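Comments concern the structure below.
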Amino acid sequence: MQGIAAVLAGLMLMVFSAGASTPPIDYEKVRMAGVQRMMGHWVRYIMLSGDSPCITVQTFKSANLEGLVRQKKICSLGKMSFHDDFAFVEVRTIEFEQDQLSLEMVFFGLRGGAREEGKCSIAIGTSSIGDLECSLEYGSEYH
Amino acid sequence: MFTRVWKRVPLTTLWLVFYAASPLSGSTAKASEHRIDYSKVTKADIAIVQERAVRYVVIADNPCLTVQSFRLGHPGEYHREKFICSAGGARFHLDFALVDFKALHFQDDRLDVEIEFVPSRRGRKAIRSCSIALQPDSIGDLVCNR
């Protein structure tokens with residue numbers, strides 16, 4: 001009996017700690033969003049105000065955005081955090097393509113006003129949402 | 001980080017990013033009859049037009065287009081909010097089977113909207129070019145080309 005109680009307590013701890021690490025999305029702060037059907041799901045990107053330029057990508061079963069299948073919040077380019085490793089990151093455009101989101105982004109470096117802009121992408125698979133990948137104008141590639 | 005940013009990034013861009021850092025839920029928008037379920041947002045964008053930050057929001061299962069304006073320097077407070085649920089006397093939820101806001105683009109003094117209207121009875125669906133005038137103190141009605 002004690003063993004079962006311990007297992008249950010452990011499970012509850014896992015559930016609550018998982019909830020604490022992923023705060024709910026405050027959708028009312030939306031500043032940029034789009035939805036399109038691709039790869040068998042309805043895919044939505046959403047960016048919030050006051051959220052740095054993090055990009056949340058979600059896949060849903062239905063067009064009315066019920067049945068969340070997958071969700072990924074992207075706040076970094078490779079190992080470089082939008083918050084800590086750049087002065088500012090701007091997403092200019094996001095467009096849907098056949099199997100990816102295509103983005104135009106600008107990255108302002110922390111020192112000396114360095115600025116790089118270029119095309120980026122987030123791959124959308126039938127069972128996965130990829131990371132942000134960019135080829136920037138000075139030839140930098142981040143994966 | 002923010003102090004560094006102020007020196008390098010155009011103020012307008014920054015304002016758009018942070019305009020609603022304080023909760024919009026604190027606004028006094030009269031939303032009782034047009035309650036917006038933001039978790040079902042399908043299209044949204046924001047731009048500075050006529051000295052106001054203007055946001056449009058399209059919600060799944062909601063035939064209306066919501067346009068909101070905010071005073072620069074007063075983040076989180078709606079200045080104007082308009083629910084556009086009809087065009088030229090035709091009501092989106094009654095007179096059409098589907099109203100699809102296909103493309104929305106901010107211009108200097110208006111929001112251009114390309115809309116597909118699918119009639120609820122017989123008739124062909126039609127794609128119309130429409131626009132909503134944006135002035136510092138008003139959000140206009142939806143006006144569509146014939």
Side-chain angles (χ1 to χ4, degrees), chain A residues 24-37 42-56 58 60-68 71 75 81-96 105-117, chain B residues 1-27 29 31 35-48 53-63 66 68 70 75-78 81 98 100-106:
Chain A
I25 296 173
D26 185 355
Y27 289 99
E28 194 167 354
K29 289 184 178 175
V30 61
R31 69 182 168 94
M32 202 171 174
V35 174
Q36 189 161 305
R37 185 165 176 80
W42 291 90
V43 178
R44 172 167 73 177
Y45 68 80
I46 186 163
M47 296 180 64
L48 306 179
S49 299
D51 194 27
S52 189
C54 291
I55 306 152
T56 298
Q58 301 164 314
F60 296 87
K61 288 178 183 169
S62 64
N64 65 357
L65 305 180
E66 287 179 357
L68 179 67
Q71 174 171 300
C75 302
S81 157
F82 291 170
H83 295 275
D84 300 331
D85 298 316
F86 297 101
F88 187 72
V89 177
E90 181 184 358
V91 178
R92 287 192 168 160
T93 63
I94 304 181
E95 291 182 359
F96 291 96
M105 297 183 69
V106 187
F107 297 87
F108 295 83
L110 284 174
R111 293 179 205 87
R115 177 181 182 280
E116 280 199 280
E117 61 181 272
Chain B
M1 187 182 89
F2 298 149
T3 48
R4 281 195 301 267
V5 169
W6 284 110
K7 297 173 186 169
R8 296 175 189 157
V9 181
L11 281 176
T12 50
T13 304
L14 256 188
W15 202 90
L16 290 180
V17 171
F18 294 110
Y19 84 101
S22 48
L24 289 172
S25 52
S27 77
R35 190 166 180 80
I36 302 175
D37 180 359
Y38 285 92
S39 72
K40 293 203 168 186
V41 59
T42 59
K43 287 191 176 91
D45 200 2
I46 186 166
I48 291 182
V54 181
R55 174 172 75 170
Y56 69 75
V57 180
V58 180
I59 303 289
D61 294 338
N62 182 336
T66 301
Q68 300 157 328
F70 307 84
E77 291 177 23
Y78 293 124
E81 183 175 49
L98 176 70
D100 185 9
F101 303 100
K102 297 185 85 65
L104 301 100
H105 298 289
F106 286 107

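What you see is a predicted model; the values in this text were computed from it and never measured. Letters go in sequence order (proteins before strands), and every chain restarts at 1.
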Minimum heavy-atom separation for A/Glu28 and B/Arg55, please, with both atom names. O-NH1, 2.9 Å
B/Asp37: what forms a salt bridge (Lys or Arg N to Asp or Glu O under 4.0 Å) with it, not counting sequence neighbours? none
Which bit of A/Ile25 is near chain B, if near means a heavy-atom gap under 4.5 Å: side chain, backbone, both or neither? neither
How many angstroms lie between atom CG of A/Asn64 and atom OG1 of B/Thr42, to the nearest 0.5 angstrom? 11.0 Å
Identify which part of A/Gln36 has an atom lying under 4.5 Å from any heavy atom of chain B, answering side chain, backbone, both or neither. neither
Which atoms of B/Asp45 approach chain A - backbone, side chain, both or neither, heavy atom under 4.5 Å: both
Work out which heavy atom in B/Val41 is nearest to a heavy atom in A/Val35; give both atom names and the distance. O-CG2, 4.1 Å
Atom CD in A/Gln58, atom OG in B/Ser39: separation rounded to 0.5 Å? 9.5 Å
Please say whether more than 12 non-hydrogen atoms of neighbouring residues, nucleotides or ligands are located less than 6.0 Å from CD in A/Glu95. no
So what's closer than 4.5 Å to chain A heavy atoms on B/Ala60: side chain, backbone, both or neither? side chain
